[in-house]
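Note sheet for the following structure.
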Amino acid sequence: MGAYQDFHKRSIDKRDEFWAEQARLIDWHQPFERVLDYSRPPFAKWFVGGLTNLCHNAVDRHLAERGEQKALIYISTETGQSRTYTYRELHAEVNRCAAVIMAQGVAKGDRVLIYMPMIPEAVFAMLACARLGAIHSVVFGGFASHSLASRIDDARPKLMITADAGMRGGKAIAYKHLVDEAIRLAQHPPHAVIIVNRGIDKDFATVAGRDLDYAELRAQHMDTQVPVTWLESSEPSYILYTSGTTGRPKGVQRDTGGHAVALAASMKHIYCGHPGETMFTTSDIGWVVGHSYIVYGPLIRGMASILYEGLPIRPDAGIWWKIVAENKVTVMFSSPTAARVLKKQDPAYLRKYDLSLLRHLFLAGEPLDEPTHRWMAESLGRPVIDHYWQTETGWPILTSAPGVEQTPVKYGSPSFPAFGYDLRLLRETDAAEAGPNEKGVVAIVPPLPPGCMTTVWGDDERFVETYFTSFRDKLVYTTFDWGIRDAEGYHFILGRTDDVINVAGHRLGTREIEEAVQAHPNIAEVAVVGVADQLKGQMPLAFAVVKDAARIATPELRREHEKEVMETVDKQLGAIARPAHVHFVTLLPKTRSGKLLRRSIQALAEGRDPGDLTTIEDPAALDQIRAALAAASA
Ligand code: PRX
């Protein structure tokens with residue numbers, strides 16, 4: 001048996017022993033009494049009775065040994081700024097920020113909503129919340145006011161922290177303005193909003209008695225020390241909203257001890273990052289990849305982490321490799337879409353810089369096609385590892401673990417189940433295990449390993465209902481992804497089983513986009529599907545029925561109307577969710593019981609056979625879809 005296979009087997013067969021060993025990778029203020037309490041399946045409590053704190057493990061713990069080493073390296077090609085913080089400086093900033101947050105009456109268990117661009121203060125705010133035992137909920141800056149409002153109402157934060165603006169491709173993006181709008185829409189708004197004023201948006205409005213300036217507050221706490229609040233291992237550390245089948249985003253809740261241990265173990269065995277080295281993750285703090293591998297993972301490991309505000313091809317397509325070379329990056333993490341973007345650029349940029357210290361490039365977030373995987377590995381001359389996971393799990397489900405064994409990479413495959421995951425591929429029909437090269441639903445036999453979501457925020461029932469009831473007689477966690485395993489044990493992910501789509505690595509629910517389209521007053525009904533896109537993996541496409549047909553009577557009016565609908569989506573949900581096209585039809589394909597036949601629409605849009613249509617109410621609806629698609633490509 002290979003070393004990794006052995007390692008994985010032990011993580012399942014000798015679960016408690018395995019995880020007790022991994023738990024030594026972090027500091028415990030008080031040791032745990034039991035590794036796992038699984039008395040209430042599928043709810044798992046890891047490291048029961050142990051007291052710890054994420055901020056302590058990410059920051060304070062390193063002061064003695066590496067206080068003067070770099071912790072956070074901020075590089076913005078948008079503003080031309082860069083700033084570096086040693087662990088000691090990061091500690092000071094986090095204490096100031098924690099004092100500021102505490103002064104707003106925030107205590108253990110209170111929620112703080114962070115809606116910020118990629119600036120160091122966003123990281124300080126996350127770590128400061130962790131220090132206080134407050135629960136942060138970071139919302140991705142690409143989400144617009146309506147999405148933000150629904151997250152405010154679900155999390156009910158006491159406080160929000162934002163900035164005046166972000167920057168993307170040289171253009172300012174209003175943050176504070178959107179926060180104002182979201183607060184107007186919300187039923188349960190926070191009592192205070194702290195603003196980091198970057199001086200980008202000169203005329204954002206300030207609401208007296210509610211809005212506070214971070215610089216002013218920070219100045220009052222330059223030397224304040226805020227003691228760490230020790231949390232029992234299962235107490236929540238954060239909530240991160242993610243999309244599913246319904247229009248209502250789910251608050252993925254993560255614990256404290258299991259989370260810290262899983263990240264520490266993944267940094268060592270999967271990412272092969274060593275203390276004192278530098279990691280560069282190109283995601284955003286608003287996504288799970290940013291939470292795990294910009295903020296907590298590298299810092300828990302005692303590494304320096306790069307926080308990059310900018311695009312991969314500005315000022316030129318060599319910028320990331322320049323950053324890698326200049327900062328001696330040993331671990332890099334990016335997305336398949338970024339790889340496809342870079343593939344279209346001059347390959348000379350990849351040879352311009354010394355990348356010899358880079359041990360691996362990890363890619364995740366969406367399917368990595370074989371040609372892009374091969375191209376990236378060959379051009380970079382370094383191993384490129386595809387790995388597969390979800391917001392729900394917080395760290396890899398399928399991966400190779402070069403820290404344990406350098407297993408050969410197969411292009412297009414995220415390799416093997418990560419340690420701790422009892423992964424199965426189950427036939428959809430009878431929940432039996434799929435054979436080699438047979439498609440099945442990627443499922444995990446609970447208990448989910450440490451670091452995975454512990455519940456849906458405020459809704460245990462929804463957690464069980466959503467993730468554990470796909471198979472009637474089997475209590476398993478479903479990922480909602482299809483997968484296959486080849487004869488050598490390598491896995492391949494074949495796409496989602498549900499209505500979730502993935503646009504450039506951004507996970508979106510088609511139902512959410514439909515609701516945003518329907519916010520336009522002239523839309524009666526709409527179906528949104530994801531269609532394959534060469535660059536972004538998938539793109540949303542909308543088929544809408546209007547109320548007043550006079551508004552789309554001529555081609556010009558149609559175009560005008562389509563634009564209006566797209567702008568409605570931008571405003572409601574965010575430009576990342578904007579459909580590539582809005583096609584107008586008078587009828588949508590549905591089953592006789594009224595269910596939208598999204599799969600058939602998607603198949604037609606991708607030029608495939610629409611599949612089984614025995615339940616369709618009116619076949620003419622599909623003709624309209626065909627006609628709309630044909631007209632658009634004519
Ligand atoms: O469909 C899978 C796809 O992205 C989904 C999870 O997205 P998110 O919650 O945003 O978490 C991203 C964390 C990296 C999965 O259900 N996905 C993620 N990684 C891969 C992938 N699909 C294929 N290959 C991958 N490596």
Side-chain angles (χ1 to χ4, degrees), residues 138-140 142-143 239-245 249-252 254 262-263 266 270-271 281-294 296-297 333-340 360-370 372-373 376 384-400 409-418 421 423 425 439 441-444 451-453 456 466-467 470 477-485 490-510 512 530 532 536-538 576-577:
V138 184
V139 176
F140 175 57
F143 282 121
I239 310 168
L240 179 58
Y241 288 90
T242 192
S243 302
T245 305
K250 288 181 289 274
V252 166
R254 191 114 37 230
L263 291 183
S266 70
I270 299 173
Y271 296 99
T281 298
T282 68
S283 182
D284 188 284
I285 46 146
W287 300 113
V288 71
V289 174
H291 281 59
S292 295
Y293 297 112
I294 295 176
Y296 292 112
F333 185 156
S334 191
S335 71
T337 290
R340 287 190 294 264
H360 305 96
L361 167 63
F362 288 85
L363 299 175
E366 52 180 318
L368 174 62
D369 54 289
E370 202 233 281
T372 303
H373 196 173
M376 195 75 242
V384 175
I385 295 181
D386 178 18
H387 61 330
Y388 156 86
W389 48 291
Q390 308 182 303
T391 303
E392 287 85 345
T393 64
W395 65 285
I397 304 171
L398 284 169
T399 186
S400 84
V409 165
K410 227 180 229 193
Y411 294 129
S413 164
S415 301
F416 318 114
Y421 290 89
L423 185 131
L425 298 178
K439 177 170 155 174
V441 176
V442 181
I444 301 160
C452 291
M453 80 186 287
V456 171
T466 305
Y467 296 105
S470 290
Y477 168 89
T478 175
T479 59
F480 298 101
D481 281 299
W482 294 110
I484 53 164
R485 185 190 298 118
Y490 282 80
H491 292 72
F492 296 82
I493 296 295
L494 307 173
R496 299 278 303 193
T497 65
D498 61 4
D499 293 323
V500 166
I501 63 171
N502 203 314
V503 181
H506 301 327
R507 174 170 163 183
L508 300 163
T510 47
E512 265 176 292
K536 298 187 168 182
Q538 280 185 307
I576 49 165

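Both ligands and their constituent atoms are indexed starting at 1 by order of listing. FYI, side chains are in, hydrogens and waters are out, and symmetry mates aren't considered; it's all heavy atoms of this structure.
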Within the 4.0 Å heavy-atom shell around [X], which atoms of ligand 1 are there?
| X | result |
| --- | --- |
| I493 | 22 (N), 23 (C) |
| N502 | 3 (C), 4 (O) |
| T391 | 8 (P), 9 (O), 10 (O), 11 (O) |
| H387 | 19 (N), 25 (C), 26 (N) |

May I ask you to identify, for D386, whether its side chain, its backbone, both or neither come under 4.0 Å of ligand 1 on a heavy-atom basis?
side chain
Pick one of side chain, backbone, both or neither for how H506 approaches ligand 1, counting any non-hydrogen atom pair under 4.0 Å.
neither
Protein contact of [atom] - nearest heavy atom, named by residue and atom, plus distance:
| atom | value |
| --- | --- |
| atom 24 (N) of ligand 1 | E366 O, 3.3 Å |
| atom 7 (O) of ligand 1 | R507 CD, 3.6 Å |
| atom 12 (C) of ligand 1 | W389 O, 3.8 Å |
| atom 1 (O) of ligand 1 | D481 OD1, 2.6 Å |

Under 6.0 Å between ring centres, would you say that holds for F362 and W389?
no
Any side-chain heavy atom of Q390 sitting closer than 4.5 Å to one from F480?
no
Distance-minimising heavy-atom pair for [X] and [Y]:
| X | Y | result |
| --- | --- | --- |
| K536 | E366 | O-OE1, 3.8 Å |
| H491 | F416 | ND1-CA, 4.1 Å |
| L398 | I493 | CD1-CD1, 3.8 Å |

The side-chain contact (heavy atoms from CB on, under 4.5 Å) partner of F333 among T282, I294, V289, L361 is V289
So if I apply the side-chain contact (heavy atoms from CB on, under 4.5 Å) rule between L508 and each of D499, T242, I501, N502, which one comes out positive?
I501
Distance (rounded to the nearest 0.5 Å) between [X] [atom1] and [Y] [atom2]:
| X | Y | atom1 | atom2 | answer |
| --- | --- | --- | --- | --- |
| I385 | H360 | CD1 | NE2 | 4.0 Å |
| T391 | H291 | OG1 | NE2 | 9.5 Å |
| T479 | Y421 | OG1 | OH | 11.0 Å |

Using a 3.5 Å cut-off on N or O atoms only, is [X] in polar contact with ligand 1?
| X | result |
| --- | --- |
| Q390 | yes |
| E392 | no |
| G365 | yes |

Could you check which of G483, S283, G495, P367 puts a non-hydrogen atom nearest to atom 22 (N) of ligand 1?
P367
Non-hydrogen atoms of P414 versus ligand 1: any pair closer than 4.0 Å?
no
